[in-house]
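What follows is one structure encoded as structure tokens, with my remarks underneath.
Small disclaimer: the values here were computed from a predicted structure and weren't measured. Heads up: numbering here begins at 1 and tracks the sequence.
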Amino acid sequence: RSNFQFEINSKMQKQGYVYILGAKSAVQRKNELKKITEQHGHSKPLKTEKRTTSFIGKNGPVWILQNVEIKKGTHRGLLDESTYAWFRDQSGALAPQLKTHQLEKTEFNFYEANETIIRACVVGLELASYNFLNAYNRVAAPSQVINLVLATKNKSVRLDKKLLQKFQIEAKSIQLARHLVNLPPNDINPETVEILIKKDLGFPKTLKIDVWDHKKLAAENMNLHLAV
């Protein structure tokens with residue numbers, strides 16, 4: 001079960017605000033920052049090239065994440081953090097802050113954000129909500145309402161329930177993999193994995209599942225696998 005109740009362009013009492021500035025242009029982000037500060041009554045100008053910023057506005061706490069291009073490091077940038085990874089991790093880091101501020105509702109405003117950035121934010125929030133004991137005991141944590149808003153039109157992105165569901169399924173799949181890795185061997189073994197896949201995960205009946213037991217592995221001469 002998701003710990004976040006996502007909505008799209010919902011009209012609600014605004015309590016927390018997150019602004020995702022996806023534009024690569026520093027000039028464009030500067031203009032957007034000016035509008036945000038004016039809207040929330042923040043008198044001091046914000047730094048355009050600072051990737052993360054937060055302040056308390058007249059209507060509540062405000063967080064700003066900017067798509068600032070970072071100079072590539074060694075190995076021609078192959079080991080550098082991707083845009084997806086950065087927004088995923090930063091959005092995840094916001095989850096406990098939303099809880100600290102006791103926010104029931106938070107509005108995520110996307111400015112010039114592509115699908116990769118929106119996906120990263122949704123997945124990051126979901127991953128940050130993982131709690132082993134809650135998952136193990138199947139206890140549902142109180143959900144927080146997250147309202148997703150495309151503040152600027154982007155022809156390449158159509159934010160709707162279908163796209164949101166796609167992102168949430170991805171996040172839940174990662175959560176499940178993490179939880180299975182965390183389980184002790186008396187809870188997770190070949191027999192329980194078979195039950196999980198065949199019964200608990202709810203795969204469609206059209207999906208064919210073949211289980212290779214000890215006899216099948218021996219018949220295929222997979223002795224090293226059997227010895228583990």
Any side-chain donor-acceptor pair under 3.5 Å between E220 and W212? no
Do L196 and V181 belong to the same hydrophobic cluster, where Ile, Leu, Val, Met, Phe, Trp and Tyr are linked whenever their side-chain heavy atoms lie under 4.5 Å apart, directly or via other members? no
Is the shortest heavy-atom distance from the side chain of R51 to the side chain of W86 under 4.5 Å? yes
Euclidean distance, N189 CG relative to E191 CD, rounded to 0.5 Å: 5.0 Å
Backbone N/O of E107 and side chain of N147: donor-acceptor pair under 3.5 Å: no
Start with the C-alpha distance between R29 and E49, add both sets of side-chain angles, then the distance that settles salt bridge (Lys or Arg N to Asp or Glu O under 4.0 Å), and finish with yes or no. CA-CA 9 Å; R29 292 199 308 274; E49 297 308 307; 3.0 Å; yes
Identify whether Y84 and L163 are in the same connected component of the hydrophobic contact network (ILVMFWY, side-chain heavy atoms under 4.5 Å). no
Salt bridge (Lys or Arg N to Asp or Glu O under 4.0 Å) for K198 and E194? Distances and angles first, verdict last. CA-CA 6 Å; K198 283 187 171 182; E194 180 181 349; 3.2 Å; yes
Just wondering, are more than 12 heavy atoms of other shown residues or ligands nearer than 6.0 Å to CD in Q102? no
Just how far is it from atom CZ of R119 to atom CG of N114, taken to the nearest 0.5 Å? 10.5 Å
F132 atom CZ: more than 12 heavy-atom contacts under 6.0 Å: yes
Closest heavy-atom pair and its distance - Q90, L65: CB-CD1, 3.9 Å
Would you say that more than 12 heavy atoms from the other residues, nucleotides or ligands in this model lie under 6.0 Å from the CD of E170, or not? yes
How close do A171 and V123 get, heavy atom to heavy atom, and via which atoms? CB-CA, 4.1 Å
Run I36 and L21 through side-chain contact (heavy atoms from CB on, under 4.5 Å) and show every step you take. CA-CA 11 Å; I36 293 169; L21 307 187; 4.1 Å; yes
Compare all side-chain heavy atoms of H101 with those of I56 and state whether any distance is below 4.5 angstrom. yes
Measure the CG-NZ distance between L164 and K161 for me, rounded to the nearest 0.5 Å. 9.5 Å
Does a side-chain heavy-atom distance below 4.5 Å link K35 with Y19? no
Nearest atoms (heavy-atom pairs only) where E112 meets Q28: CG-NE2, 3.0 Å
Candidate pair Q175 and E126, rule side-chain hydrogen bond (donor to acceptor under 3.5 Å, both in side chains), full reasoning: CA-CA 8 Å; Q175 292 285 51; E126 290 284 17; 5.5 Å; no
Applying side-chain contact (heavy atoms from CB on, under 4.5 Å) to N67 and K24, what does each step give before you reach the verdict? CA-CA 6 Å; N67 186 24; K24 293 183 178 180; 4.0 Å; yes
Okay, side chain of Q66, backbone of K50: is any donor-acceptor separation there less than 3.5 Å? yes
Criterion side-chain contact (heavy atoms from CB on, under 4.5 Å) on F108 and L125, from CA distance to verdict: CA-CA 11 Å; F108 269 66; L125 284 168; 3.8 Å; yes
State plainly whether one hydrophobic cluster holds both I146 and F87, where clusters connect Ile, Leu, Val, Met, Phe, Trp and Tyr through side-chain heavy atoms under 4.5 angstrom apart. yes
Any chance you could measure H179, atom NE2, to N134, atom CG, to the nearest 0.5 Å? 10.5 Å
Side-chain heavy atoms under 4.5 angstrom apart, residues restricted to Ile, Leu, Val, Met, Phe, Trp, Tyr: same cluster for L201 and Y136? yes
Before you tell me yes or no, could you show the steps for I117 and T83 under side-chain contact (heavy atoms from CB on, under 4.5 Å), namely the whole-Å CA-CA distance, both residues' side-chain angles and the distance that decides it to 0.1 Å? CA-CA 7 Å; I117 293 176; T83 300; 4.0 Å; yes
Which heavy atom of G92 sits nearest a heavy atom of A128, and at what distance? O-CB, 3.2 Å
Atom of F203, atom of I197 and distance for their closest heavy-atom approach: CD1-O, 3.4 Å
Quick check for you: to the nearest 0.5 Å, what is the distance between E104 atom CD and Q144 atom CD? 9.0 Å
Straight-line distance of I174 CD1 to I169 CD1, nearest 0.5 Å: 12.5 Å
What is the minimum heavy-atom distance between A151 and N109, and which atoms define it? CB-CB, 4.3 Å
So does H225 have more than 12 non-hydrogen atoms from other groups sitting under 6.0 Å from NE2? no
Quick check on the hydrophobic clustering: are L148 and L150 connected, directly or via other members, by side-chain heavy-atom contacts under 4.5 Å? yes
Are Y111 and I64 packed together at the side-chain level, in the sense that at least one heavy-atom pair is separated by less than 4.5 angstrom? no
Main-chain N/O of L127 paired with R88 side-chain donor or acceptor, under 3.5 Å: no
Looking at L224, I want to see if its CG is surrounded by more than 12 non-hydrogen atoms of other residues, nucleotides or ligands under 6.0 Å. no
With side chains defined as the heavy atoms from C-beta onward, is the minimum distance between V62 and H42 less than 4.5 Å? no
Do W63 and T52 have side-chain heavy atoms sitting under 4.5 Å apart? no
